[in-house]
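Worksheet for the structure shown next.
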Amino acid sequence: MLATILAAGAALALAPPAAEARVYVDIGVAPPPPRVVVAPPPRVGYVWAPGYWYWSGRRHVWHDGYWMRERRGYHWVGPAWEQRGPRWHYAPGYWAR
């Protein structure tokens, strides 16, 4: 039994990290204008992610801003909507160098 547990642990340690999954949305409905919200004062060790509109499958829904732990050497690029011809493309937020 101990040998099985050790073998499983070794296999997990050698396994490649999981790929990052992203979901992109293309729809024919423009998002509403972003809401104007005053960001709270800075917090050491955290980054403020502003609110954004997301598509629920039937309509746009506002997601309030939130704090998340900073990642040293990276900056947060928030979610964005981009018009592509007659459609609107949503790209989720991500950490960039």
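This one's a predicted model, so the numbers in the text were calculated from it and none came from an experiment.
- Remark: Ala96 pairs with His75, Val77, Tyr94 by the side chain to side chain contact (heavy atoms under 4.5 Å, CB included) rule, at least two apart or across chains.
- Here the two rings, on Trp53 and Trp81, have centers that are 6.0 Å apart or farther.
- Heavy atoms only, all atoms of each residue included: Val25 and Ile27 are closest at CG1-CG2, 3.5 Å.
- Residue pairs meeting the side chain to side chain donor-acceptor pair (under 3.5 Å) criterion with at least one partner in residues 36-46, sequence neighbours excluded, are Tyr46-Arg69.
- Contact detail for Arg87 and Gly28: the closest heavy-atom pair is NH1-N, 3.7 Å.
- Considering all non-hydrogen atoms of both residues, Asp26 and His89 come closest at OD1-ND1, 2.9 Å.
- Sorted by first then second residue, the side chain to side chain donor-acceptor pair (under 3.5 Å) pairs that include residues 55-67, not counting sequence neighbours, are Trp62-Asp64.
- Residues passing the side chain to side chain donor-acceptor pair (under 3.5 Å) test with Tyr74 are Arg97, sequence neighbours excluded.
- Residues forming a side chain to side chain donor-acceptor pair (under 3.5 Å) with Gln83 (at least two apart in sequence, or on another chain): none.
- Screening residues 75-86 for salt bridge (Lys or Arg N to Asp or Glu O under 4.0 Å), with sequence neighbours left out, gives Glu82-Arg84.
- Under the 4.5 Å side-chain criterion, counting only non-hydrogen atoms from C-beta, Trp95 is in contact with Val47.
- Transitive grouping of hydrophobic side chains (ILVMFWY, heavy atoms separated by less than 4.5 Å) brings Tyr90 and Trp88 into a common cluster.
- Listed here is the closest heavy atom pair of Gly93 and Trp76: C-CH2, 3.4 Å.
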